[in-house]
2 protein chains.
Amino acid sequence: MFDMDAVDDANQSQETPKNDVMSFFESAPLLKDAAEIEKSLTEFVDRNTSSSGKCYFMNGKANRVVCITSGGTTVPLEKQCVRYIDNFASGHRGAASTEYFLKVGYSVVFLYRRGSCQPFCSNLPEDPLLECFSVADDSSIEVDALHAETVKRAITENRAAVAEGILLKLPFTTIFEYLQILQLISVSLRDFGPSAIFFLAAAVSDFYVPWESMALHKIQSASGPLDMRLAQVPKMLSVLRNEWAPMAFHISFKLETDRHILLAKADMALKKYKMHMVIANELLTRKEQVIVVTEQEKVTVCRDSTRAGAEVECPLVELVVDRHSAYIKNFDA
Amino acid sequence: MFDMDAVDDANQSQETPKNDVMSFFESAPLLKDAAEIEKSLTEFVDRNTSSSGKCYFMNGKANRVVCITSGGTTVPLEKQCVRYIDNFASGHRGAASTEYFLKVGYSVVFLYRRGSCQPFCSNLPEDPLLECFSVADDSSIEVDALHAETVKRAITENRAAVAEGILLKLPFTTIFEYLQILQLISVSLRDFGPSAIFFLAAAVSDFYVPWESMALHKIQSASGPLDMRLAQVPKMLSVLRNEWAPMAFHISFKLETDRHILLAKADMALKKYKMHMVIANELLTRKEQVIVVTEQEKVTVCRDSTRAGAEVECPLVELVVDRHSAYIKNFDA
């Protein structure tokens with residue numbers, strides 16, 4: 001079924017060929033609301049640095065910020081997009097982590113797949129509007145008792161974070177939008193220096209159809225099978241790490257369904273892309289535990305199973321914040 | 001890029017080879033909640049036929065029912081699904097049509113893609129919970145004035161329809177789930193005879209990866225491109241039409257991005273699958289107008305652009321109901 005090249009050149013740090021990157025971006029469709037996104041990023045940075053000169057380069061004592069990517073990217077198979085390849089990701093990891101980072105005082109840029117899980121909403125039913133509310137006799141709207149607390153928390157905490165300007169939410173759908181917005185974010189957060197984290201929990205497509213070679217119209221089905229050739233997406237992790245945000249603390253994720261290759265792949269990503277941390281998770285147990293891999297250590301982080309509703313993202317963010325503090329200290333020294 | 005077989009054998013009515021259908025279903029993963037779905041269908045049929053013997057075969061004067069399919073199906077590329085091919089479809093057409101069919105007295109089985117547009121909700125913001133509500137000082141939950149009417153309508157009408165038992169909502173994600181549930185529905189609605197409509201607005205995948213030949217684990221990206229071969233999904237329209245629900249009124253949809261081939265494709269579907277009606281729509285203008293194609297006529301149906309918020313589904317459903325009435329009358333004669 002799948003014809004794969006198993007060559008693996010990953011045990012050494014390696015830069016992504018500039019040509020691949022340039023041709024990917026040149027072939028990408030124009031980002032529609034780039035100006036608006038840049039404006040909201042500028043305002044976000046201003047709000048989170050201006051008040052008392054908290055920015056890293058202003059007095060050495062940094063306000064901390066994290067860019068959390070969440071959900072899966074799509075790869076269009078046609079220009080007038082009817083069909084696309086999608087990557088499974090509910091966005092739960094990114095949404096829950098956003099809550100914990102906000103709680104410990106980080107400002108968050110939440111780059112999420114349109115329609116994926118939102119912060120403070122992960123314990124709600126699939127369709128909260130239709131499942132949690134009813135209209136009373138006096139035609140006022142009521143929340144069902146069962147969901148009342150969760151709904152209130154979702155509304156208040158989410159609104160508060162956005163209103164205070166410490167949570168900026170930016171949606172994407174395609175791999176093209178995702179990488180273009182990620183570049184805008186990395187440039188905007190540059191002044192935070194080592195106080196910025198990139199927490200790359202999104203499931204990013206490995207393969208894509210270059211825009212130029214893409215079918216303009218809907219692919220016609222006929223009597224035969226369909227053969228497709230997909231190109232590899234250039235490894236943008238190393239571009240982000242080395243060029244876009246060279247001072248930031250970088251965390252990537254490795255999701256595998258086969259546990260036997262998971263740690264080897266995580267190690268490989270650490271070295272190949274010079275990540276500061278790789279979070280390894282297996283598809284079936286990812287809500288119970290993850291393994292945090294750094295150059296120095298491999299730490300298994302588990303959900304506190306004695307506490308109802310406890311999430312693995314809580315101890316995970318604690319550990320990340322601890323290692324990030326050490327990174328900043330080391331950077332200052 | 002795409003290697004397509006352009007052979008077109010479509011100008012004659014044609015049955016889908018039994019072997020293809022059998023091997024598709026045999027290779028499909030087991031439908032998880034089949035028993036629960038069957039139970040809810042039985043209850044739905046009972047509720048909509050029992051009160052005064054409204055069922056077609058009980059006194060010849062039928063309660064009318066429509067099965068509306070909505071949203072796109074996915075095709076998993078791996079058994080432990082990380083990547084899949086998706087078909088673009090917001091589900092707006094199916095959701096809006098559901099409202100109008102309910103209004104004129106049809107009972108509706110709404111077979112929808114998980115997360116796609118819901119009836120009575122199409123004019124709400126993308127994330128209604130976070131965008132329409134706020135928490136007041138006394139910690140009660142309030143709807144923002146701008147959205148109050150729409151939100152109330154969504155909650156009351158949706159709840160009422162479900163509570164009255166005239167709206168049954170069944171979600172799907174993959175092409176396997178979709179076709180298996182559609183089969184269950186068609187069998188359950190058999191007693192409605194010609195009083196049942198199948199309104200097949202879902203965007204169904206043309207190509208799939210047979211379950212048996214599917215990669216068990218996540219496909220590894222390496223240095224080369226990825227070559228994939230997808231098999232054609234057997235044309236289930238003719239199976240539904242000829243075997244599963246031979247007496248019902250069948251309506252399929254044809255969406256194209258290239259207007260020049262649209263009507264030819266619609267005509268072809270009408271003949272090939274013996275549909276009673278094909279609704280042809282072009283991607284870019286599909287919210288403004290559609291062309292209803294039957295053996296006797298081609299009618300362009302347009303949105304009433306003089307009325308704010310008017311939808312093309314309103315006159316479309318009117319026309320469908322009119323032609324369905326004629327079909328039933330003719331069937332009785």
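Lettering follows sequence order; numbering is per chain, from 1.
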Check B/Glu131 against A/Arg159 and note the closest heavy-atom contact, atom names and distance. O-NH2, 3.6 Å

Any side-chain heavy atom of B/Thr74 sitting closer than 4.5 Å to one from A/Asp86? no

Let me know if B/Gln118 has heavy atoms under 4.5 Å from chain A in its side chain, its backbone, both or neither. side chain

Quick one: does A/Phe133's side chain get under 4.5 Å of B/Thr156's, heavy atoms only? no

Measure B/Cys121 against the heavy atoms of chain A and call it side chain, backbone, both or neither at under 4.5 Å. side chain

Tell me, for A/Val135 versus chain B, whether the close heavy atoms (under 4.5 Å) come from the side chain, the backbone, both or neither. both

I need the B/Arg83 CZ to A/Asp206 CG distance, nearest 0.5 Å. 4.5 Å

Which heavy atom of B/Ile155 sits nearest to which heavy atom of A/Leu129, and what is that distance? CG1-O, 3.9 Å

Identify which part of A/Asn158 has an atom lying under 4.5 Å from any heavy atom of chain B, answering side chain, backbone, both or neither. side chain

Could you tell me which of A/Leu124, A/Val233, A/Asp144 has the largest number of non-hydrogen atom pairs under 4.5 Å with chain B? A/Asp144

Heavy atoms of A/Ala154 and B/Leu130 approach each other most closely as O-CD2, 3.6 Å

